[in-house]
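Comments concern the structure below.
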Amino acid sequence: MAALFTGLTSGIYSMFRMLRGLAMALVTVALAATAANAQQVGDGRQTAVVLSLDGIVGPATADYLIRGLAAAREQEAAVVVLRIDTPGGLDASMRDIIHAILASPVPVIAYVAPNGSRAASAGTYILYASHVAAMAPATNLGAATPISLGGSPSRPAEPASGKKPAPGGEDAAPPSPPKDAGESKAINDAVAYIRSLAALRGRNADWAEQAVRSAASLSAGEARAQNVIDLIADDLPDLLAKADGRSVKVGNNEVVLHTKGLRLLEREPDWRTRLLAVITNPNLALMLLMVGVYGLIFEFMSPGSLFPGILGAICLLIGLYALSALPLTYAGVALVLLGSALMVAEIFTPSVGILGVGGAISFVLGALLLVDTDMPAYEVSLPLVAGVAVASLGMTFLIGRLALRSRRAPIVSGVEALIGQRAKVLSWTGAQGYVAAAGERWRATGPTGLAAGDTAVIESAQGVTLRVRADAGAPPPRTPA
């Protein structure tokens, strides 16, 4: 008994020591994680986060930059360097990026780089919105006319002397007048917007207006000479060295930048940004939408197959999400949804192709009007629309053909399928009795004289009662003596 008590006590003590060791290990890990986090925050103050705006400004770019600015704020970075090389992009995405820059507590240095890059159209607005604007040699900016609403940029007329106007100079010819009220409204709105950004940052507002009205452009040296940008830098270390000591306005406060010798932290686009960049292509979004519609159609045609329905639902949701991130027209969305609904309705209400053809026409018109922009990268491809139309019409004709074939085919199920079939008489009294047909026992009426074991032919059916006649190929019915 004493040995048992000693062993039990020793076991409990060993377990207690093991639990105490585990607890101490957990505390040590927690303290190390806290110290590492504190060290990371402390290092963040000596860090310049580098974000890249490379390519067209769209929903994916806006999402990447907004999340990058938020991460820099959480990390308490000293500055954010926004490296720009863009031909422009969507107005809505540009304004989202500018809102994030203006609200950022971390100063943003916009840097058009590397050599040969440009900050055209939307890139010019973003450059004006940043706390510090810089360019590398052999780069340019400008051409900020809003073409998504106003058509192609207005080109200034040649001066009477025949000499080409200097970009942004005093002898620059006035731009051609807007074509209509819509273009005038878009251009005036863009002018007011970029002038407000120029006034906020103390930059050349008059040239900014010319960049919008006349699509004017400047090289790096000209932009610096005309107070469009703040400095020219050869590379990132040179940029940080030249930006050191500058005073910028962050919110309502004046902040002096201490950027010399900061550690550069590149933040590349993650999988979410890359996925969003792929699916926000209008052509791919439209294809996902069609795959989703056809997947649901095949599931309705063959209930229980599961795979087409699951794949269709996933593609449909992804396609709708991608379209929701793009600048859409209400008419285009309504026509696309109407066309999809009509093509699905063709399955449930076969109209020999009328609903399907109408749905295909509505879908094609909606696809052409879907995206509200003239940016080539966001236009729906005409060959793709034609392919969708042909596929939709082919599906409609296939459904119509199957419906006609089904209508002409003989009935193989139900009570109507018994008409003309032979039945065996089970019992018969007078002009009624019971017969066996299709493996079931039926009440029947017919001529007198039938007897059990005779063969009869089914003429009609009323509810669960069959009307039969004597089988001509069978022996004549017996008559009572």
Side-chain angles (χ1 to χ4, degrees), residues 33 36-37 40-41 43-44 47-77 79-106 108-111 113 117 119 121-123 125-126 129-130 264-292 295 310-328 333 370-373 375-380:
N37 185 51
Q40 182 179 5
V41 172
D43 291 342
T47 299
V49 176
V50 181
L51 304 176
S52 298
L53 199 172
D54 189 10
I56 294 175
V57 177
T61 307
D63 177 76
Y64 158 67
L65 294 180
I66 291 171
R67 290 191 295 116
L69 290 173
R73 181 183 67 248
E74 294 176 359
Q75 188 180 344
E76 299 183 4
V79 293
V80 172
V81 177
L82 178 55
R83 189 167 45 203
I84 299 176
D85 181 13
T86 177
L90 301 179
D91 178 77
S93 300
M94 175 198 75
R95 289 178 182 261
D96 290 340
I97 294 172
I98 291 176
H99 290 163
I101 292 175
L102 297 180
S104 174
V106 180
V108 177
I109 303 176
Y111 181 41
S117 301
S121 191
Y125 294 83
I126 296 172
S130 300
L264 295 175
L265 177 61
E266 297 270 355
R267 183 180 175 88
E268 298 295 334
D270 56 8
W271 66 268
R272 171 178 168 177
T273 301
R274 295 189 181 95
L275 176 63
L276 189 60
V278 171
I279 66 174
T280 48
N281 184 311
N283 297 304
L284 181 59
L286 193 62
M287 291 177 62
L288 289 173
L289 196 62
M290 287 308 303
V291 170
I310 295 174
L311 179 63
I314 293 174
C315 291
L316 189 62
L317 291 176
I318 295 177
L320 291 175
Y321 171 74
L323 292 176
S324 68
L326 294 170
L328 305 178
V333 173
L370 189 60
V371 182
D372 183 20
T373 179
M375 289 292 297
Y378 287 95
E379 289 180 351
V380 178

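When all heavy atoms of Leu276 and Pro59 are compared, the pair lying nearest together is CD2-O, 3.8 Å. Scanning both residues, Ile56 and Gly89, for their nearest heavy atoms gives CG2-CA, 3.9 Å. In this structure, Ala110 and Ile84 approach most closely via the heavy-atom pair CB-CD1, 3.9 Å. Nearest heavy-atom pair across Gly319 and Leu288 is CA-CB, 4.0 Å.
Using modelled atom types, no side-chain atom of Tyr125 and backbone atom of Ile98 make a donor-acceptor pair closer than 3.5 Å. The closest donor-acceptor contact from the side chain of Thr86 to the backbone of Asp54 lies at 3.5 Å or more, if one exists at all. With Arg274 contributing its side chain and Pro269 its backbone, the two residues share a donor-acceptor pair below 3.5 Å.
Applying the side chain to side chain donor-acceptor pair (under 3.5 Å) rule to Arg67 yields the partners Asp63, Asp270, Thr273; only residues at least two apart in sequence or on another chain are considered. Ala100 meets the side-chain contact (heavy atoms from CB on, under 4.5 Å) test with Ile66, Leu69; sequence neighbours excluded. Every residue two or more places apart in sequence or in another chain that forms a side-chain contact (heavy atoms from CB on, under 4.5 Å) with Ala277 is listed here: Ala60. By the salt bridge (Lys or Arg N to Asp or Glu O under 4.0 Å) test, Glu266 pairs with Arg83, sequence neighbours left out. When the side-chain contact (heavy atoms from CB on, under 4.5 Å) test is applied to Leu264, the partners found at least two apart in sequence or on another chain are Ala48, Val50, Leu236, Leu240.
To the nearest 0.5 angstrom, Arg267 atom CZ is 7.5 Å from Tyr64 atom OH. Note: Leu275 CG to Thr280 OG1 = 9.0 Å, rounded to the nearest 0.5 Å. Remark: Cys315 SG to Ile310 CD1 distance equals 12.0 Å, nearest 0.5 Å.
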Please determine whether side chain to side chain contact (heavy atoms under 4.5 Å, CB included) holds for the pair Val81 and Leu51, giving the CA-CA distance in whole Å, both sets of side-chain angles, and the decisive distance to 0.1 Å. CA-CA 6 Å; Val81 177; Leu51 304 176; over 6 Å; no

Should Gln75 and Val106 be marked as a side chain to side chain contact (heavy atoms under 4.5 Å, CB included) after you check the CA-CA gap, both sets of side-chain angles, and the distance that decides it? CA-CA 10 Å; Gln75 188 180 344; Val106 180; over 6 Å; no

Could you give me the CA-CA distance, side-chain angles and deciding distance for Tyr321 and Ile279, then say whether side chain to side chain contact (heavy atoms under 4.5 Å, CB included) is met? CA-CA 9 Å; Tyr321 171 74; Ile279 66 174; 3.8 Å; yes

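For residues 95-105, the set of pairs meeting the side-chain hydrogen bond (donor to acceptor under 3.5 Å, both in side chains) definition, not counting sequence neighbours, comprises Asp91-Arg95, Arg95-Asp189.
Contact of the Val108 side chain with the Val79 side chain is not registered, since no non-hydrogen atoms from C-beta on lie closer than 4.5 Å. Leu53 places none of its side-chain heavy atoms less than 4.5 Å from the side chain of Asp85. The closest side-chain heavy-atom distance from Ile109 to Leu82 is not below 4.5 Å.
Just one residue in the list Val57, Thr61, Leu65 forms a side-chain contact (heavy atoms from CB on, under 4.5 Å) with Ser93, and that residue is Val57.
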